[in-house]
Amino acid sequence: MDAKSGRQEVIQQDLEEVRRDLQAVKKALQNNGEYLGMRGEKLTDYLLEQNKKENTLLSERLQHMSKESPTALLPATAPEAASNTAANGHDSCEAPPDEEEAAIEPNPPPPGPVAAFNRESLKEVVAFMTAYEALPNECTRALRALASLAYADAQAVGDDIAALDQLLRLLRIHKDDMGVHVAAMRALCNMAYNQSVATKRLTTGSVMSALFEAMSRKTETKDLSSKASEAMARIVAAEVQPESEGAPPPKTLESVDGGLCSLFLASSCGKSAYQDVVPGLIGQLITNEVVAEVQMVATSFTWVGTQVPAQGSAGWLQLAKQLAVCECPDLPQALVDAGSIRSAAQVMERYEGDGATQLTGIEAMSSLVGSRWAGLLAFAKVGGMKRIEVAMRRHGTNTVLQTKGVRAMASGILWPEEVQDDASYDYTVAVELTKAAMAQHGDSAELQAAALEGLSKYLDKKSCVDLVSGSGGSGLFKAMMTRHKGDSKVDHWGSVVLGAIGEDPKWTPKGQAAA
């Protein structure tokens, strides 16, 4: 026996022992009993420790050669499209355009010449920017004065509710005036110098959305994005000061006052353009050591996933997808360790009826798993494949979702048996859903190619000829090959499937000669 085989045998023995231990602990907890002299909270902690040990042993057994598979373990995208997805977090399915927020109708200015105001009086500045809110040039002047006051006393300006509310109102009134927006970002940036203001007043959804709006704008005015980014960095930095390190995450969305959680919540609930700027922003925060530990980013993001409301569900999953392939090298694994795959599955379960959430959920879990065995184990443990199955059954008319679901389902047939068991993977269900998708989406060559390729894998691994060819399977395959004759992928995988079920692999549609 070589060293590698010997180590595998030891791992298997340890794994069996841990699993016996886990069964005994669970039984004791269910009966409110005792195990190894422990009960209650101590026994629960012991259960968690043994669960971690089980996962570690499983990971070691699966990855004794390397930590990663040479290929994706849960692919939802065609291989030729995967490189584009990895590069920018998007695939060929573009998100629908965001609805623009309606501008606010301003109150008319007072009659007569524009009044003067004392730039060093907060009360007068706020009164002026309220009275003359319809005039962009006057608003810019007032906001510049507000920024100067915030530079001198961030606490006083930040704690003035009327000042901050009017600043945000002006941004909505003058949506396209760069002077107003740049001056407002400078004022927010200066307010963020004060830790209390940053964590208590600037982490609201309205302020965060205003910052993301500025960062995501396509404009030649560089100060707009840079000042908004600087303000965001100061807000996050205020959260991670030494005196607040190690603080538990908030219990509810209403109690969120931390920069990172607020950042992820606002971007999830906002425009897709907000989500697009997050990976780069997080990369800057880590590179500039605003956030010292990448795990803090992963923990905050994962927690938001457990709380995100319906309007942010697809956005949070889109963020998960992008962060899982971002350029920050340690973040994808940190997301897996923090439980982001579980959060993704929970989001999909909470919003089963929303097609956009289900589609993005499949993509997000595929990206989070990537080629990481630890990611696949986490996906299996949380019932990720069941979530994909439910999505495919509930959204049968969504061609893109069906295509990605078919690919993800087919990947399971290649997993190690123990992972299939953990995932409750049933290849007969996968075959059923694949054939149903083919029948319903005959006009999609991409889906037909993905489905036929998947069926070839089931046939290769399980020799399930009757299952694949039954219920009119052979006729379905030939009909799709006829409909998409000339498509090289449909032709190729169709021939492979026909040969595997005992038909002529050289069969061609009428009017097309065999090669």
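Values reported hereafter were calculated over all heavy atoms of this structure, with side chains retained and with hydrogens, waters and symmetry mates removed. All residue numbers refer to positions in the sequence shown, counting from 1.
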Donor-acceptor pair between D276 and Q318 side chains, under 3.5 angstrom:
no

Name the one of Q275, M365, E363 that satisfies side chain to side chain contact (heavy atoms under 4.5 Å, CB included) with K321?
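Considering Q275, M365, E363, a side chain to side chain contact (heavy atoms under 4.5 Å, CB included) with K321 is found only for E363.
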
For S411 and A408, indicate whether the former's side chain and the latter's backbone hold a donor-acceptor pair under 3.5 Å.
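Yes: the side chain of S411 pairs with the backbone of A408.
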
Any chance you could measure R407, atom CZ, to I362, atom CD1, to the nearest 0.5 Å?
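Between atom CZ of R407 and atom CD1 of I362 there are 11.5 Å.
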
According to side chain to side chain donor-acceptor pair (under 3.5 Å), who are the partners of T482, at least two apart in sequence or on a separate chain?
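Once residues adjacent in sequence are excluded, T482 has no partner under the side chain to side chain donor-acceptor pair (under 3.5 Å) criterion.
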
Is there a donor-acceptor pair under 3.5 Å between the side chain of S300 and the backbone N or O of C261?
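No.
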
Which atom names give the shortest non-hydrogen contact between A451 and T434, and what distance separates them?
CB-CG2, 3.5 Å

Do V419 and Y425 come close enough that some side-chain heavy atom pair is under 4.5 Å?
no

For the residue pair S474 / E503, report whether a side-chain donor-acceptor contact shorter than 3.5 Å exists.
yes

Separation of C326 SG from L281 CG (nearest 0.5 Å)
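The CG atom of L281 sits 11.5 Å away from the SG atom of C326.
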
Stepwise, does the salt bridge (Lys or Arg N to Asp or Glu O under 4.0 Å) test hold for E213 with K271?
CA-CA 9 Å; E213 181 67 24; K271 301 176 182 178; 3.0 Å; yes

Between atom CZ of R372 and atom CZ of F379, what is the distance when rounded to the nearest 0.5 Å?
13.5 Å

Roughly how far apart are L22 CG and R20 CZ, rounded to 0.5 Å?
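So the CG of L22 and the CZ of R20 are separated by 11.5 Å.
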
Main-chain N/O of T357 paired with T360 side-chain donor or acceptor, under 3.5 Å:
no

What's the verdict on side chain to side chain contact (heavy atoms under 4.5 Å, CB included) for F477 and M438, showing C-alpha distance, side-chain angles and the deciding distance?
CA-CA 9 Å; F477 309 148; M438 291 183 71; 3.9 Å; yes

Are side-chain heavy atoms of E41 and D45 found at a separation under 4.5 Å?
yes

Atom pair CG (L447) and OG1 (T403), whose distance is rounded to the nearest 0.5 Å
3.5 Å

Is there any salt bridge (Lys or Arg N to Asp or Glu O under 4.0 Å) pair reaching into residues 394-403, and which pairs are they, with sequence neighbours excluded?
E352-R394

Check: S206 main-chain N/O paired with S209 side-chain donor or acceptor under 3.5 Å
no

What one should report as the nearest heavy-atom pair of S268 and V308 is CB-CG2, 4.3 Å

List in chain and number order the residues that pass salt bridge (charged side-chain N to carboxylate O under 4.0 Å, His left out) with K386, two or more places apart in sequence or in another chain; answer none if no residue qualifies.
E389

Determine whether a donor-acceptor pair (N or O, by modelled atom type, separation under 3.5 Å) exists between the side chain of T221 and the backbone of L224.
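Not a single qualifying donor-acceptor pair exists.
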
Contact summary for T399 and H441, nearest pair of heavy atoms
OG1-ND1, 2.9 Å

Do K457 and K462 come close enough that some side-chain heavy atom pair is under 4.5 Å?
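Result no, sub-4.5 Å side-chain heavy-atom pair not found.
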
Are I282 and C328 packed together at the side-chain level, in the sense that at least one heavy-atom pair is separated by less than 4.5 angstrom?
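Counting from C-beta outward, I282 and C328 never come under 4.5 Å.
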
Is it true that atom CZ of R342 has more than 12 heavy atoms of other residues, nucleotides or ligands lying nearer than 6.0 Å?
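Check fails, neighbour count at 12 or below.
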
Is there side-chain contact between M392 and V406, with at least one heavy-atom pair below 4.5 Å?
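M392 reaches V406 side chain to side chain.
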
CA sep, side-chain torsions, deciding dist, call: H492, L452, side chain to side chain contact (heavy atoms under 4.5 Å, CB included):
CA-CA 9 Å; H492 171 73; L452 289 166; over 6 Å; no

Dump the intermediate steps for side chain to side chain contact (heavy atoms under 4.5 Å, CB included) on F264 and V278, then the final yes or no.
CA-CA 8 Å; F264 290 129; V278 170; 4.0 Å; yes

With T302, which residues qualify under side chain to side chain donor-acceptor pair (under 3.5 Å), at least two apart?
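Counting only residues at least two positions away or on another chain, T302 forms a side chain to side chain donor-acceptor pair (under 3.5 Å) with S340.
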
What I'd like to find out is whether the side chain of L265 reaches to under 4.5 Å of the side chain of P309, using heavy atoms alone.
yes

Minimum heavy-atom separation for G375 and I341, please, with both atom names.
O-CD1, 3.4 Å

Contact between W415 and L74 at the side-chain level, heavy atoms closer than 4.5 Å - yes or no?
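Counting from C-beta outward, W415 and L74 do come under 4.5 Å.
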
With sequence neighbours excluded, tell me which residues meet ring-ring contact (aromatic ring centres under 6.0 Å, His included) with Y274.
F212

Any side-chain heavy atom of I501 sitting closer than 4.5 Å to one from L455?
no

Just to verify, what does Y427 make a ring-ring contact (aromatic ring centres under 6.0 Å, His included) with, not counting sequence neighbours?
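Residues passing ring-ring contact (aromatic ring centres under 6.0 Å, His included) with Y427: none at all.
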
Full working for salt bridge (Lys or Arg N to Asp or Glu O under 4.0 Å) between K53 and E17
CA-CA 11 Å; K53 187 174 181 181; E17 182 180 342; over 6 Å; no

Got more than 12 heavy atoms from elsewhere within 6.0 Å of CD, Q311?
yes

Of all heavy-atom pairs between D491 and H484, which one has the smallest distance, and what is that distance?
OD1-O, 4.2 Å

Is there a donor-acceptor contact under 3.5 Å from the side chain of S343 to the main chain of G305?
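Flag not set: sc S343 to bb G305 has no pair under 3.5 Å.
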
Got more than 12 heavy atoms from elsewhere within 6.0 Å of CD, Q440?
yes

Classify the ring geometry between F301 and W316 as parallel (under 30°), tilted (30 to 60°) or perpendicular (over 60°).
parallel

Test your reading of the model: is there a side-chain donor-acceptor pair from T299 to the backbone of M296, 3.5 Å cut-off?
no

Between NZ on residue K26 and CG on residue N31, distance to nearest 0.5 Å:
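Those atoms lie 14.0 Å apart.
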
I would like to know whether D330 and Q295 meet side-chain hydrogen bond (donor to acceptor under 3.5 Å, both in side chains); could you show each step before the answer?
CA-CA 9 Å; D330 298 325; Q295 194 62 41; over 6 Å; no

Sub-3.5 Å donor-acceptor pair from the side chain of K489 to the main-chain atoms of E446, do we have one?
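Not confirmed, K489 side chain does not pair with E446 backbone.
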
Test log, rule side chain to side chain contact (heavy atoms under 4.5 Å, CB included), inputs Y458 and L467
CA-CA 10 Å; Y458 301 127; L467 179 65; over 6 Å; no

When you measure from the side chain of Q358 to the backbone of G353, do you find a donor-acceptor pair of N or O atoms at a distance under 3.5 Å?
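Absent.
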
Smallest separation among heavy atoms of L433 and M409, with atom names:
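Nearest pair, atom of L433 first, then M409: CD1-CE, 3.8 Å.
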
